[in-house]
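Chain A is the first sequence line, chain B the second, and so forth, proteins listed ahead of strands; every chain is numbered from 1.
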Amino acid sequence: MEKGKIEQFWQKPAQVVAPALLGRWLCRRGRGGKVTRLRIIEVEAYCGPRDRASHAARGMTPRTRVMFGPPGVWYVYLCYGVHWMLNLVTGPQGYPSAVLVRGVEGVVGPGRLTRRLKIGKAFDGQACTSGAGLWIEGREETPMGWRRRRGPRIGVDYAGKYWAGKHYRWWLEAE
DNA sequence: TAAGTGATCTCT
DNA sequence: GAGATCACTTAA
């Protein structure tokens, strides 16, 4: 992703950015500068302070601070004391929203994904750039042999019928 | 199906 | 400080 572009796709609302991430490459620079590129195949959108499924629904806290900041930044937090969750903060600027990266090709599950790519707290608040060692490349795409799906988010029943029922999860399914 | 796990948040 | 909660995974 080029730096300095006037308009980055992640400046749009989370529910626009999320499906636009499908098919792009999640890139991680490992030890020795070796880069791993994995295609993003599952995402969820968390949309603003009114979204009761979002951490931002209860206002800004030390943990959720980066969600309230500029887009194009990683929001990483620990879930259930074990699993790191990887999110990309989206726009509009200052509007707390993010996209959870739930799966890439070959690694399904948000906790497995971060474990595989060695992603932890260190990336929280870091920009999504190659310089940071974790970034996104490529274009939105539905590759041959895959089809696009959409449905409700996972694990957010506590958010109430309205928000839990929102179809804010998008994924690619092998045909 | 349920336990593990520990940071985070909401009460005292 | 204590207690509840939690955007999950694994083993059974």
Query raised in the report: For the pair made of CE in A:Met85 and P in C:dC6, what is the distance, rounded to whole Å?
Result: 15 Å

Query raised in the report: Under 4.0 Å between a side-chain N or O of A:Tyr80 and OP1 or OP2 of C:dA7?
Result: no

Query raised in the report: Under the 6.0 Å and 45° cation-pi test, does A:Arg153 pair with A:Tyr168?
Result: no

Query raised in the report: Does A:Arg169 make a cation-pi contact with A:Trp171, if we ask for NZ or CZ under 6.0 Å from the ring centre and within 45° of the axis?
Result: yes

Query - Separation of C:dT10 P from A:His83 NE2 (nearest whole Å) - result: 7 Å

Query raised in the report: Short question: side chain of A:Ser97, backbone of A:Gly91 - any donor-acceptor pair under 3.5 Å?
Result: yes

Query raised in the report: To the nearest Å, how far apart are A:Met67 CE and C:dA7 C1'?
Result: 10 Å

Query raised in the report: Between the side-chain atoms of A:Tyr77 and the base atoms of C:dA7, is any donor-acceptor pair under 3.5 Å?
Result: yes

Query raised in the report: In terms of side-chain heavy atoms of A:Arg112, which of C:dT10, B:dT5, C:dA7 is nearest?
Result: C:dT10

Query raised in the report: Within 45° of the axis and under 6.0 Å from the centre of the six-membered ring of A:Trp25, does NZ or CZ of A:Arg39 qualify?
Result: yes

Query raised in the report: Among B:dC9, C:dT9, C:dC6, which is the nearest nucleotide to the side chain of A:Thr61?
Result: B:dC9

Report task. Decide salt bridge (charged side-chain N to carboxylate O under 4.0 Å, His left out) for A:Arg24 and A:Glu137; before the verdict, give the C-alpha distance in whole Å, the side-chain angles of both, and the deciding distance to 0.1 Å. Result -> CA-CA 6 Å; A:Arg24 295 187 199 248; A:Glu137 288 181 2; over 6 Å; no

Report task. Quick one: label A:Arg115 by what it contacts on the DNA or RNA (base, sugar-phosphate, nothing), any heavy atom closer than 4.0 Å. Result -> sugar-phosphate

Query raised in the report: Using a cut-off of 4.0 Å on non-hydrogen atoms, how would the nucleic acid contact of A:Arg153 be classed: base, sugar-phosphate, or nothing?
Result: nothing

**Report entry** Between C1' of C:dC6 and CZ of A:Arg63, the distance in whole Å
**Finding:** 8 Å

Report summary line: Considering only heavy side-chain atoms of A:Pro62, the closest of C:dC8, B:dC9, C:dT9 is B:dC9

Report summary line: Partner of B:dT5 under the Watson-Crick or G-U wobble criteria, both distances under 3.5 Å, comes out as none

Query raised in the report: C:dT5 C1' sits how many Å from A:Leu78 CG, rounded?
Result: 13 Å

Query raised in the report: What is the distance from CG of A:Leu113 to P of C:dA7, rounded to the nearest Å?
Result: 17 Å

Report summary line: In whole angstroms, the gap separating P of C:dA7 from NZ of A:Lys166 amounts to 19 Å

Query raised in the report: Rounding to a whole Å, what distance do you find between A:Glu44:CD and C:dC8:C1'?
Result: 12 Å

Report task. Take A:Cys79 and A:Arg58, find for each the nucleotide of DNA chain B with the closest heavy atom, and name the residue whose nucleotide sits nearer the 5' end. Result -> A:Cys79

Query - Complementary nucleotide of C:dA7, counting Watson-Crick and G-U pairs under 3.5 Å - result: none

